[in-house]
There are 2 protein chains.
Amino acid sequence: MARQQLLLAQFLPYRLSIAMQAVSEGLALRYSQEFGISIPEWRIIATLGENSEMTARDIAVHARMNKTMVSRAAADLVRRRIVTRRTSREDRREAFLRLTRQGEDIYAAIVPLALDYERGLTAGMSGAEVAMLRRLLDQLLGQADKAAEKLASEKSAAADTAAAE
Amino acid sequence: MARQQLLLAQFLPYRLSIAMQAVSEGLALRYSQEFGISIPEWRIIATLGENSEMTARDIAVHARMNKTMVSRAAADLVRRRIVTRRTSREDRREAFLRLTRQGEDIYAAIVPLALDYERGLTAGMSGAEVAMLRRLLDQLLGQADKAAEKLASEKSAAADTAAAE
DNA sequence: GAAAATTAGTTGCATATGTAACTAATGGCG
DNA sequence: CGCCATTAGTTACATATGCAACTAATTTTC
């Protein structure tokens, strides 16, 4: 029986990680200095650009950020008058965030940059390949989430067993 | 003329980032507590598992890590006797790193975990799809690197122009 | 062959990020 | 109504990470 082999260069989590890093850095370079926007800030701006008004919680769910990161990045965007915060009347714990006029301008300026960058990334691919890539990435995400849930449920089951002893 | 639109959920850099994050976290969960190994440490172990002896510099190039990260993770692995360091005779600046017996045991224990995890990730895909995913990720990386180089050369050209003024 | 430039690796420092604890507000349930 | 649990959001703290400056060794250049 042959021993299982692992080649890091072929290993999917590794390839995903290095591709992501190169892609993210490349994109961030294009807007970070010019607009003084960090990656988490860009995610918030992009999310608010699509859905005019959202709470921090909704942004966190929608953009897969943790709530600490949203809180901090949003606070800075508010300070810089790129985003406004408006406390909800119905539930005074939550606050609606919205792009200011300036925020909309920044969004409008970054969108073409981002789309252009994306086009460059997929330069050598057919439309079908790009679609396939999107689909396969989505499947990876789905399977990773599924594996995480499974692990979590095993863990809580083990904790229950321990507690019952 | 229709204004260009961006949908974050469809945007490749974003999808890549969230898929990578879920995949990396899921994998790290499987070895981090049990073996007390961080992601950078795992990269070094995996690299040394393939190439028995390497310098920190070679590991950094091979595993796309920056030299600070390699230096720090390697120092910790040496401290924990998972890796040994041997200064080169020919060039006393560099040192060869190598897995200890214990390091090899850890590598041998993690490899099946990692491969199993990878199999789970690609559970719903055909072999051709997995191969295509690898290829497309590689193309993304290549294009991102190319874009980075282009940006860097433009920048240095601009610096030269400024210096000449 | 000595000074200057380069390279391997480490470390100081500033920043980024996640977890957990916290505050403030709301909802559930007796 | 009043207590307990839950939730939105912030913050304290510990850790992670990258850049730049550094040391030590080697190579290049004149």
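Just so it is clear: chains get the letters A, B, ... in the order the sequence lines come, proteins before strands, and each one is counted from 1.
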Between [N] ([atom2]) and [X] ([atom1]): distance, integer Å:
X	N	atom1	atom2	value
B:Glu94	D:dT26	CD	C1'	10 Å
A:Arg79	D:dT10	CZ	C1'	16 Å
B:Ile44	D:dT17	CD1	P	11 Å
B:Arg85	C:dA8	CZ	P	15 Å
B:Leu77	C:dG9	CG	P	15 Å
A:Met69	C:dT19	CE	P	11 Å
A:Glu41	C:dT15	CD	P	14 Å
A:Met65	C:dG18	CE	C1'	13 Å

Legend entry - Residue whose nearest DNA chain C nucleotide is more 5′ - A:Thr68 or A:Arg92: A:Thr68
Legend entry - Comparing B:Asp58 and A:Ser88 on DNA chain C - which has the more 5′ nearest nucleotide: B:Asp58
Inset, instruction - Under 4.0 Å between any heavy atoms, over every strand shown, what does A:Glu90 touch: base, sugar-phosphate, or nothing? Just pick one. - result: sugar-phosphate
Inset, instruction - Answer with base, sugar-phosphate or nothing: what part of the nucleic acid does A:Ala95 contact at a heavy-atom distance below 4.0 Å? - result: sugar-phosphate
Atom pair [atom1]/[atom2] of [X] and [Y] - distance to nearest 0.5 Å:
X	Y	atom1	atom2	answer
A:Ser32	A:Ile39	OG	CD1	8.5 Å
A:Arg85	A:Glu94	CZ	CD	12.0 Å
A:Arg30	A:Leu27	CZ	CG	8.0 Å
B:Tyr31	B:Glu41	OH	CD	9.5 Å

Inset, instruction - Say whether, by atom type as modelled, one donor and one acceptor occur between the side chain of B:Arg101 and the main chain of B:Ile82 under 3.5 angstrom. - result: no
Legend entry - Donor-acceptor pair, side chain of B:Arg98 and main chain of B:Thr84, under 3.5 angstrom: no
Using a cut-off of less than 4.0 Å, is there contact between a side-chain N or O of [X] and OP1 or OP2 of [N]?
X	N	value
A:Arg93	C:dT26	no
A:Arg72	D:dA12	no
B:Ser71	C:dG9	no

Legend entry - Qualifying residues under side chain to side chain contact (heavy atoms under 4.5 Å, CB included), relative to B:Met54, sequence neighbours excluded: B:Thr47, B:Leu48, B:Asn51, B:Asp58, B:Ile59, B:His62
Legend entry - Within residues 49-57 of chain A: residues closer than 4.0 Å to DNA chain C (heavy atoms): none
Inset, instruction - For the side chain of A:Lys67, starting at C-beta, report the closest nucleotide among C:dT19, D:dT10, C:dG9. - result: D:dT10
